[in-house]
Structures are given as C-alpha cells and as structure tokens.
Amino acid sequence: MKYLSLIYLLFLVTSCTFVHTNNNMDKKEAEKILKVYFYNLAYESVTSNDSLYSIDFYTKISKDKLHKIHNSLKNKLGNLIDYKLDKWETRVVSGTQSYSEYGFVYTVIYEKDSATEIFKLKKDDKGRIKIYYHDISSLALLND
C-alpha cells in the first residue's frame with residue numbers, strides 16, 4: 001500500500017503545473033527587453049533591435065520590411081521623446097508544458113505625435129525573452 005501511495009504521489013508531483021500571473025519579477029525581466037528597444041529607437045540604432053524579435057515574428061515579416069516600416073514611422077512620427085507604461089500582464093507556467101508570456105501597453109511620445117504601442121513577448125527555447133507581436137497605433141499614421 002505504501003508503494004502504491006508513493007507511486008501516486010510521484011505521479012501527482014511530476015504532472016503538476018504551476019501558474020503565476022502578474023508577478024513583478026517577471027514584469028521586470030521582460031521590461032528589460034523593451035527598455036533596450038526604446039533606447040535603440042531613441043539613439044536611432046533601429047537595426048540593433050533586430051535581435052529583440054523572435055523567429056516567429058520574422059516568419060510574418062522580413063527584417064528588410066521591418067526596417068522600411070521603422071523608417072516610415074520615423075518620417076511620420078519623428079524622433080522618440082518619451083514613453084510610459086500604461087498596462088502590463090505576465091503569465092508564467094511551470095511544469096511539463098512550460099511557457100512564459102508577457103504583455104505591455106505603452107503611450108509613446110514622438111516629436112510629431114503620440115502613439116500607443118502594444119508588445120507581446122515570450123521566452124524562446126533557450127530561455128531568452130523575445131518580442132513576437134508589436135502593434136503601433138497613432139492618428140499621425142493615417143495622414144499622407
């Protein structure tokens with residue numbers, strides 16, 4: 001009976017999944033990536049941001065196309081002045097199917113207008129946090 005209880009307990013422990021959401025430590029870990037992103041943007045080193053994006057991101061858009069989009073954004077919005085975190089969320093699952101996801105919404109002030117930028121990040125197989133989704137919304141982008 002003890003043997004059976006031990007097997008059951010072992011099975012239970014190895015198949016457990018632990019989830020924690022909106023943990024400040026997880027937020028800070030992912031936020032480091034976005035601070036690098038904004039630093040590179042402020043100092044016009046946009047190509048340095050290439051390594052911050054995930055492989056999944058580049059299956060949807062090429063680096064060349066991303067650079068063209070950034071150049072177009074710079075023309076319409078101007079240089080980065082400041083940014084402020086509005087919302088964030090994290091979800092880290094530990095267990096047999098582990099993953100970590102992070103979401104951030106920023107208000108970003110540029111020379112010509114402001115924008116709302118949404119970032120979604122996740123850890124890759126090597127434990128590096130990468131951007132896999134990035135959306136920029138601004139009324140200035142509607143003007144020709």
Side-chain angles (χ1 to χ4, degrees), residues 5-144:
S5 296
L6 184 61
I7 290 175
Y8 178 72
L9 181 62
L10 186 61
F11 175 75
L12 191 62
V13 169
T14 58
S15 64
C16 284
T17 300
F18 301 99
V19 178
H20 55 93
T21 58
N22 299 333
N23 179 300
N24 244 348
M25 294 289 286
D26 297 327
K27 172 194 170 227
K28 288 178 182 179
E29 184 182 17
E31 207 172 14
K32 287 178 190 176
I33 305 305
L34 297 176
K35 285 181 180 183
V36 170
Y37 169 84
F38 285 118
Y39 177 87
N40 289 339
L41 195 61
Y43 290 96
E44 300 184 32
S45 181
V46 177
T47 56
S48 298
N49 283 335
D50 290 353
S51 64
L52 302 178
Y53 289 92
S54 70
I55 293 170
D56 293 340
F57 185 87
Y58 287 122
T59 61
K60 297 175 185 121
I61 187 170
S62 70
K63 287 181 184 180
D64 241 10
K65 181 79 171 170
L66 181 61
H67 296 163
K68 287 178 184 174
I69 290 169
H70 277 292
N71 288 336
S72 175
L73 289 170
K74 182 169 172 41
N75 290 335
K76 290 189 177 200
L77 295 172
N79 291 321
L80 174 71
I81 303 294
D82 199 11
Y83 61 95
K84 180 180 131 298
L85 180 61
D86 292 327
K87 290 192 316 189
W88 63 275
E89 63 183 355
T90 65
R91 180 175 175 82
V92 176
V93 177
S94 304
T96 54
Q97 305 252 336
S98 297
Y99 67 91
S100 302
E101 292 182 324
Y102 317 86
F104 295 88
V105 178
Y106 286 90
T107 296
V108 184
I109 308 300
Y110 292 94
E111 285 176 317
K112 299 177 185 175
D113 206 347
S114 63
T116 299
E117 298 198 28
I118 300 170
F119 295 89
K120 294 183 183 177
L121 302 91
K122 64 181 174 180
K123 275 192 182 174
D124 65 13
D125 295 340
K126 295 178 182 174
R128 299 172 303 189
I129 298 174
K130 299 286 187 172
I131 301 167
Y132 74 91
Y133 176 88
H134 183 189
D135 179 69
I136 302 173
S137 301
S138 175
L139 292 176
L141 299 177
L142 299 175
N143 300 330
D144 287 335

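For the numbers below, each heavy atom of this structure counts, side chains included, while hydrogens, waters and symmetry mates do not.
Taking NZ of Lys74 as the start and CG of Leu80 as the end, the distance is 9.5 Å to the nearest 0.5 Å. A distance of 10.5 Å separates OG1 of Thr107 from NZ of Lys87, quoted to the nearest 0.5 Å. Residue Tyr53 holds its OH atom at 4.5 Å from OH of Tyr37, rounded to the nearest 0.5 Å. In this structure, CG in Asn79 is found 6.5 Å from CD1 in Ile81, a value given to the nearest 0.5 Å. A distance of 12.5 Å separates CD1 in Ile129 from OG in Ser54, rounded to the nearest 0.5 Å.
The two residues Leu121 and Ala30 make their nearest non-hydrogen contact at CD2-O, 4.3 Å. Contact record, Asp86 with Lys84: OD1-NZ, 2.6 Å, taken as the closest heavy-atom pair. Tyr99 and Arg91 get closest at one heavy-atom pair: OH-NE, 3.0 Å. Considering all non-hydrogen atoms of both residues, Tyr83 and Phe38 come closest at CE2-CB, 3.4 Å.
In this structure, Lys112 places its NZ atom where more than 12 heavy-atom neighbours from other residues, nucleotides or ligands lie under 6.0 Å away.
Two residues are said to be in side-chain contact when any heavy atoms from C-beta on lie closer than 4.5 Å; Leu41 and Val46 meet this criterion. For the pair Asn49/Leu66, no side-chain contact is recorded, criterion being any heavy-atom separation below 4.5 Å from C-beta on. No side-chain heavy atom of Glu29 sits less than 4.5 Å from a side-chain heavy atom of Val92. Between Asp56 and Lys122 the shortest side-chain heavy-atom distance falls below 4.5 Å.
A search for side-chain hydrogen bond (donor to acceptor under 3.5 Å, both in side chains) contacts involving Tyr110 returns Glu117, not counting sequence neighbours.
Without hydrogens or angle criteria, Lys130 side chain to Ser51 main chain gives a donor-acceptor distance under 3.5 Å. Judged purely by atom type and a 3.5 angstrom limit, Lys63 has no side-chain atom pairing as donor or acceptor with the backbone of Thr47. Side chain of Ser138 to backbone of Ser114: a donor-acceptor contact under 3.5 angstrom is found. Asn22 places a side-chain N or O within 3.5 Å of a backbone atom of Thr90 that can act as its donor or acceptor partner. Remark: the backbone N or O of Ile118 is not paired with any side-chain donor or acceptor of Asp135 at under 3.5 angstrom. At distances below 3.5 Å, at least one donor-acceptor pair connects side-chain atoms of Tyr58 with backbone N or O atoms of Asp50. Distance alone, capped at 3.5 Å, places no donor-acceptor pair between the Asp82 side chain and the Ile109 backbone.
With Trp88 as the partner, the side chain to side chain contact (heavy atoms under 4.5 Å, CB included) test is satisfied by one option alone out of Asp26, Asn24, Leu34: Asn24. Partner Ile136 forms a side chain to side chain contact (heavy atoms under 4.5 Å, CB included) with one of Leu73, Val108, Thr116 and no other, that one being Leu73.
The aromatic rings of Tyr106 and Phe104 sit parallel, their planes meeting at an angle under 30°, below the 60° perpendicular limit. Using cut-offs of 30° and 60° for the angle between ring planes, the His134 and Phe119 rings count as parallel.
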- Could you please spell out the steps behind the side-chain contact (heavy atoms from CB on, under 4.5 Å) verdict for Tyr102 and Glu31? CA-CA 9 Å; Tyr102 317 86; Glu31 207 172 14; over 6 Å; no
